[in-house]
Amino acid sequence: MPQTAEILIPLALDTAYSYAVPAGLSLAEGDVVQVPLGPRETVGVVWGLAESASGSNLRPVTGRIDVPPLSEPLRRLVDWLARYTLAPKGSALAMALRLPDEAAARESLRVGVRATGSPPARATAARTKVMAVAADGGLRGKTALAKEAGVSLSVVDGLIDDGALETVALEPEPVALPPDPDHPRVPLSEAQEEAARALLPPEGDPGATLLEGVTGSGKTEVYFEGVAACVRAGRQALILMPEIALTAQFLDRFAARFGVRPAAWHSGIGGKRRERIRAGVASGEIAVVVGARSALFLPFPRLGLIVVDEEHESAYKQEDGVHYHARDMAVVRGKLEGCPVVLASATPSIETRVNAQKGRYRHVVLPERFGGRRLPDIRAVDMRLDKPERGRFLAPPMVDAVKHNLAAGEQSLLFLNRRGYAPLTLCRACGHRYQCRNCSTWLVEHRFRRALVCHQCGYAERKPEACVECGAFDHLTPCGPGVERIAEEVAELFPEQRIVVLSSDFPGGAERLRAELQTVAEGGCDIVIGTQLVAKGHNFPHLTLVGVLDADIGLTTGDPRAAERTFQLLQQVTGRAGRGERPGRALVQTYQPDHPVIAALLSGDAERFYDEEIAAREAAGLPPFGRLAALIVSANEREAAEAHGQALARVAEPPPGVMVLGPAEAPLALIRGRWRFRLLAKTERGIDLQAYLRDWLARGPKVRGNVKVAIDVDPQSFL
DNA sequence: AGCACGCCGACT
DNA sequence: GTCGGCGTGCTC
């Protein structure tokens, strides 16, 4: 009896295609095969097999490819992910199928594109946009570049042919040795021992556990014990981290516990090395992988534990291509593999907190700091009472605190979550405000780069000499502070001190930034001025004072998660203060000391924050968690106004169960030439959100021409 | 992802 | 006229 194979192809296709299985070829579900597709040959995965009547006119499968098949759980994960995120199944498959195809092995799997310096022979509007984005000389993926410039891929391809852009491969590193679970280690505290025991789930009852512990409580050591137990049992472990936290520092910590560094997996790993890790994972040789979110799709045959470190981090959200939340998919994969999942954080996300409260996740708490370290003493500087001098941004108590700390020979950190020199530039002569031409945001002055930059889309222009509106000279006024401006003020206040400014746009790139972080960690700097970069992933063992310069930033962004995000960020950054057994101090400049977020931070009562926030969301009729679906209305400039109107009409009548955070409360913005709205959809009543919204869109008023409306799911907790 | 097809403005 | 650039739709 002839067979038909349903083959899923890793392209943006939502259904598997049917092929005939030639006589003599024996296939199983999960096998990786080669199939004809249009004029060419492609890889695909057997998603289903069926007996078929003879005489079909299907094209035949070309053959089986000799790589490990996709396991049943991994295939189910792909199905789940595609369904949950509204992505085509093929796109979801693509993430699990980074194949060792010959081309990739010979060259490199990941190809970056960058500007060559020679201008395109013919400069069109679309081409100019692309070249403007590529002008910084940075490496980007083809699609990423096209998207960022707001043009289609063929423009980028055209520029490569033209010689204005070039493709570059990325280099490999060595692979991992087996970790030793019984490597000699520092003994754990009693609380840690107890937590480590609690992490091991009862036999036959995996599920997820929230491991919550304040900064410095030793969460890592605790889940390392879970990893050790997993390795001893001959199974594999995966530790997921936000990309930024995947540092040499962490890998060394792992090495201190297990004798060797783990296999590291992140977007920078390409070519042969990527394939060697994949193969090592598939064969079971690699026991532990530490990786960024894409490691979730590695073909582990014997997965025994998944750890999601810093589970609240928004970096777990994939924002391009298939939108997924790696933390949630980790829980799904754990369920499908029958293995436990540990979610670790000092400041868990609301949804994980709620899941723990409702008993969906177990909850293990590490109540205190390890080794007798105490939490920092946090105080507010009420900016209504203690005003900085005119044109200054450090309040007198803050200046005093830094002064005292310096006198004691200690290191201080001033935290301001704003890059650049000033967040707004205006002309004093005519009042013109510099705004991004693609987005509805102000341009931020970057004095070092002598440019005005859009923090939304990356658009940049040279800072003009005269006002572009009225032509007046010397009337451009910076409004408000960014870290560069704080650095200026601090340098005037403390001219003798060693000052460093740390932000993601650090001049000189990632390499120099890493060196600078090292210097700070070794104490070779007196005052650090930094953006949120300093709150995440890096330890500063010499820090004893943290000054938060504007704690209120981010409280009024209209984002439903504003309070949560701000609390997490401030908790993390103030938690950096403290050195050895000496408790640190934190001073927080705020205009709203009574705001629930600030009050909870000051009292050190995280419990209270979570309770209040969950209650506040309930009172507002919002679910404590849910998926945010952004309704993206893409339109070119000409049609933007019409699209705007149509989209407004549409969101005015949402289907029942879908709550629209309308223009007043939620981001309604022109971003990269696309109007963007957000819908907050309740998910707890068991409605099929995807089908629901799809149906709603299908029935809504038709939009014409170039205007396109799509749902773009921002995945949150899946339960 | 590739590739063909068709539309549209530029040009020997 | 046609040619190159660019968006769109199709591939079992």
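Below, all heavy atoms of this structure are taken into account, side chains as well, without hydrogens, waters or symmetry copies.
- Residue P10(A) is out of contact with every strand shown, counting any heavy-atom pair closer than 4.0 Å.
- Distance CD/E469(A) to CZ/R433(A): 13.5 Å, rounded to 0.5 Å.
- Set against dA1(B), dC6(C), dC12(C), the side chain of S152(A) has dC6(C) as its closest nucleotide.
- Here A126(A) lies in heavy-atom contact (under 4.0 Å) with sugar-phosphate atoms only.
- When the P atom of dA1(B) is taken as reference, atom CG of L8(A) falls 15 Å away, rounded to whole Å.
- Listed pair T124(A) / dC6(C) meets the phosphate criterion, a side-chain N or O lying under 4.0 Å from OP1 or OP2.
- Side-chain proximity of Y19(A) to the nucleotides dC3(B), dG7(C), dC12(C) is greatest for dC12(C).
- For the side-chain contact (heavy atoms from CB on, under 4.5 Å) with E337(A), the qualifying choice from I306(A), L77(A), V332(A), L303(A) is L303(A), the only one to do so.
- Between the CD atom of E6(A) and the C1' atom of dT11(C) there is a distance of 15 Å, rounded to whole Å.
- Judged by distance alone, with hydrogens and angles left aside, the side-chain atoms of Y19(A) form no donor-acceptor pair with the main-chain N or O of T62(A) at under 3.5 Å.
- Across the protein-nucleic acid pair, I7(A) atom CD1 and dT11(C) atom C1' stand 15 Å apart, rounded to whole Å.
- dG5(C) atom P lies 9 Å from atom CG of D161(A), rounded to whole Å.
- Of the possible polar contacts, one joining the R293(A) side chain to the K317(A) backbone as a donor-acceptor pair under 3.5 Å is found.
- Counting to the nearest Å, the P atom of dC3(C) and the CG atom of D162(A) are 18 Å from each other.
- Rounded to the nearest 0.5 angstrom, H266(A) NE2 and R274(A) CZ are separated by 10.0 Å.
- The separation between Q34(A) atom CD and dT11(C) atom P is 20 Å, rounded to whole Å.
- Separating the OH atom of Y17(A) from the P atom of dC10(C) is a distance of 10 Å, rounded to the nearest angstrom.
- E29(A) places no side-chain N or O within donor-acceptor distance of the main-chain N or O of V46(A), the cut-off being under 3.5 Å.
- As rounded to whole Å, 11 Å separates atom P of dC12(C) from atom CD of E41(A).
- For the OP1/OP2 pair of dC6(C) and a distance below 4.0 Å, the side-chain nitrogens and oxygens of R127(A) include at least one atom meeting the criterion.
- Of the candidate nucleotides dC12(C), dC6(C), dA1(B), dA1(B) has the atom lying nearest to any side-chain atom of L11(A).
- One distance of note links CG of L336(A) with OG of S71(A); it measures 9.5 Å at 0.5 Å rounding.
- Considering only side-chain atoms of R59(A), the nucleotide from dC3(B), dC12(C), dG7(C) that sits closest is dC12(C).
- Comparing atom distances between the R40(A) side chain and each of dC6(C), dC12(C), dG2(B) picks out dG2(B) as nearest.
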All N/O pairs under 3.5 Å across the protein-nucleotides 7-9 of chain B interface:
none

